[in-house]
Structures are given as C-alpha cells and as structure tokens.
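Following: one structure in structure tokens, then a few remarks.
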Amino acid sequence: MVLPEDDDEDDEGCKASTAAVITFIKSLSKFEYGSVSSLGVKGGPGSGKGTQCEKVVEKYGFTHLSSGDLLRAEVASGSERGKHLQAIMQKGELVPLDTVLDMIKDAMIAKADVSKGFLIDGYPREVKQGEEFEKKIGAPALLLYIDAKPETMVQRLVKRGETSGRADDNEETIKKRLDLYYKATEPVIAYYESRGIVRKIDSELTVDEVFKQVSQAIDTLK
Ligand SMILES: Nc1nc2c(ncn2[C@@H]2O[C@H](COP(=O)(O)OP(=O)(O)OP(=O)(O)O)[C@@H](O)[C@H]2O)c(=O)[nH]1
Ligand SMILES: Nc1ccn([C@@H]2O[C@H](COP(=O)(O)OP(=O)(O)O)[C@@H](O)[C@H]2O)c(=O)n1
Ligand SMILES: [Mg+2]
C-alpha cells in the first residue's frame, strides 16, 4: 500500500475524515446502548433500592448501576476528584450533574454488548438531570418507584449505619438526604408519571413481598 505524503493538505483531509469516523462511531454507540432497555429505580434514601436491584440482577440478569456506588468507588480510589466528591456526599448534597451522568454513560458503554438491560439506581436526582439523561442516553422503559415512609427510611438507615461504614449513614446527614429527596427528587417521579411509565412499589413489606411487586412490573415489559 502506498501511504500519502505527509503534507499539510492531506493532514487536513485526514483530520476531517477522522472527525467523521468519530461522529459515526458515537452515533453507533448511542444506538447500541439506546436499544438496550434501561429501568430507572427511584425512591428515598434507605427505601430499599439497592436490596431490590440485587434481586433483579439475580433473576433477570440486568446490569445494576448505582450512581451512589459509582461515586463511592471514585472516592475509594483516592483521586483528587474523589476527595472533592467525598466532601459533597458527606454533607448529603448533590454532586454536579455531568459528573454522575458521564460515569453512568461510561459504565453503560462498557457493558452495552453483554447486558440484557440496565437498572439505573439513584439517578436522576433532579428533573434537569432526567432531561440530560434522555438527551445523552435515552428514555427509560420503566421507572420503579420504591416507596417507603420517611420514618421507615430513617429507621433502616440508622440500622444500616451500624455496619455499612457509609459516612452519610448518620442521623444528621440522613435528615439532609431526606429533605433533599422530597424537595428535588420526588418531582422527578411526577415528571415520568405523566408518561405512564412509573410503577409504584410498596416497600413497607418484607424484601420478598416487595420483590414480587417488582417482578410483576418488570414482567409487563416482555
Ligand atoms: N424490612 C425491610 N427492610 C429492608 C427492605 N429493603 C431494604 N431493607 C433494609 O433497609 C436498609 C436500606 O436498604 P438499601 O437497599 O441499602 O436502600 P437504598 O434505597 O439503596 O438506600 P440508599 O443507597 O441510601 O439510597 C438495608 O439495611 C436493608 O436491609 C424491605 O423491603 N423490608
Ligand atoms: N445521582 C447521584 C447519586 C448520589 N449522589 C451523592 O451520593 C450520596 C449517596 O447516594 P446514594 O444513592 O447511595 O444514597 P441516597 O442518598 O439515596 O441514600 C448522595 O447523598 C449524594 O451526595 C449524587 O449527588 N448524585
Ligand atoms: Mg443504595
């Protein structure tokens, strides 16, 4: 094969075609992970999202992406970004929108060809994040709304705090997380309700009874 001379003109042409190839690959990868269904899992702190997601993974083989876990992994890595995130999370506040969305997107791309579906646990936290998710990734097929009373959530988190090692499982931060949940996150559920994709799950029952409701909701997708 004869390679072109490395003069400026060809360089420009090369840059242009490289850009076109990148755009094409990006559009392909958007199609790939857009065509695998994603299920949103929402509910207050300690409502039982993680517990139910674990059971869904076991039964349906979906990939569980917890935005909180992705952030905690970054903190655990000890990176500069992790240190910054830790300070925000310890206060029970929300980390910037793009940080979480990029992490979720990267994790989805990494699993797109082997995954049967994605459980997006704990994201979006605000309506604006939901809009961004749809622009960059696509609309969720279903939103599981894991509903528990605030007293129940506090009780479960205080109990979990005895062993979880999570810096935010203390009463002061739990209260802030709950306040933020009612202020910023509940409106996300209303946003998706208007499209008829929300399935409300009563999480005041035993784990297995809650899972029966979750399974019924997922089975309607088949
Ligand atoms: N009784 C009862 N306890 C539950 C149920 N689901 C979860 N728990 C307990 O409640 C605590 C919180 O559950 P998680 O699944 O970690 O809750 P989460 O919604 O992922 O919480 P965050 O990550 O803080 O948002 C855990 O200690 C669970 O063992 C349930 O259906 N019934
Ligand atoms: N999408 C997300 C998820 C978590 N977080 C941060 O990470 C913390 C823990 O998230 P989590 O989903 O594990 O737990 P909860 O806040 O739902 O109890 C939150 O309190 C936020 O500080 C965030 O800012 N944005
Ligand atoms: Mg969780």
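Both counts, for ligands and for their atoms, begin at 1 and track the order of listing. Only a predicted model underlies this, so the values are computations on that prediction, with no experimental measurement involved.
Numbered from 1 in the order shown, with element, the atoms of ligand 1 that lie under 4.0 Å from a heavy atom of R177 read 24 (O). Using a 4.0 Å cut-off to heavy atoms of V210, the atoms of ligand 1 that qualify are 31 (O).
Checking only distances, K49 does come within under 3.5 Å of ligand 1, N or O to N or O. Residue G46 has at least one N or O atom closer than 3.5 Å to an N or O atom of ligand 1.
Between K128 and E131, no side-chain nitrogen of the basic residue sits less than 4.0 Å from a carboxylate oxygen of the acidic one, so the salt-bridge criterion is not met. Salt bridge K42/D121: absent, no basic N to carboxylate O contact under 4.0 Å. Under 4.0 Å is where a charged nitrogen must lie from a carboxylate oxygen, and between E204 and R156 no such pair does. A salt bridge links R177 with D169; the closest basic N to acidic carboxylate O contact falls under 4.0 Å. Ionic pairing of D179 and K176 is not present here: no N-O contact between side-chain nitrogen and carboxylate oxygen is shorter than 4.0 angstrom.
Not a single heavy atom of G43 sits under 4.0 Å from any atom of ligand 1. At least one heavy atom of R166 sits less than 4.0 Å from an atom of ligand 1. Judged by the shortest distance from any of its heavy atoms, E54 lies outside the 4.0 Å radius around the atoms of ligand 1. The shell of residues lying under 4.0 angstrom from ligand 1, judged by heavy atoms, includes L205. Taking 4.0 Å as the cut-off, S47 counts as a neighbour of ligand 1 on heavy-atom distance. Using a 4.0 Å heavy-atom cutoff, G68 is absent from the residues neighbouring ligand 1.
For atom 7 (C) of ligand 1, the choice among L157, T51, I174 with the nearest heavy atom turns out to be T51. Closest heavy-atom approach to atom 20 (O) of ligand 1 within the set G50, S203, P45: this belongs to G50. Nearest to atom 16 (O) of ligand 1 by heavy-atom distance, out of Q52, R160, K55, is R160. In this structure, of K42, R156, E204, the residue bringing a heavy atom nearest to atom 30 (C) of ligand 1 is R156.
For the 3.5 Å distance criterion, the side chains of E209 and T206 qualify, holding a donor opposite an acceptor. No donor-acceptor contact under 3.5 angstrom links the side chains of E126 and T185, judged on distance only.
Residue K159 does not touch ligand 1, judged by heavy-atom distances below 4.0 Å. Contacts with ligand 1 closer than 4.0 Å are made by heavy atoms of both the backbone and the side chain of V207. If you look at R72 next to ligand 1, there are no close heavy atoms at all, none under 4.0 Å.
For L101, the side-chain contact (heavy atoms from CB on, under 4.5 Å) partners at least two apart in sequence or on another chain are Y123, E132, F133, K136, I137.
Taking 4.5 Å as the limit, some side-chain heavy atom of R72 sits within range of a side-chain heavy atom of M89. Counting heavy atoms from C-beta on, the side chains of K200 and L144 never come closer than 4.5 Å. Using a 4.5 Å heavy-atom threshold, the side chains of V198 and I189 count as touching. In this structure, the side chains of E134 and P140 come closer than 4.5 Å at one or more pairs of heavy atoms. M108 has its side chain within reach of S38: a pair of non-hydrogen atoms, C-beta onward, lies under 4.5 Å apart.
A donor-acceptor pair under 3.5 Å links the side-chain atoms of Q213 to the main chain of D202, judged by distance alone.
If you look at ligand 2, the protein residues with a non-hydrogen atom under 4.0 Å away are P45, K49, S67, G68, L71, R72, M89, E93, L94, V95, V100, G122, Y123, R125, R166, D168, R177.
By the rule that hydrophobic residues join a cluster once side-chain heavy atoms approach within less than 4.5 Å of another member, I201 and L221 end up as members of one cluster.
For atom 17 (O) of ligand 1, the nearest non-hydrogen atom of the protein is G48 N, 3.3 Å.
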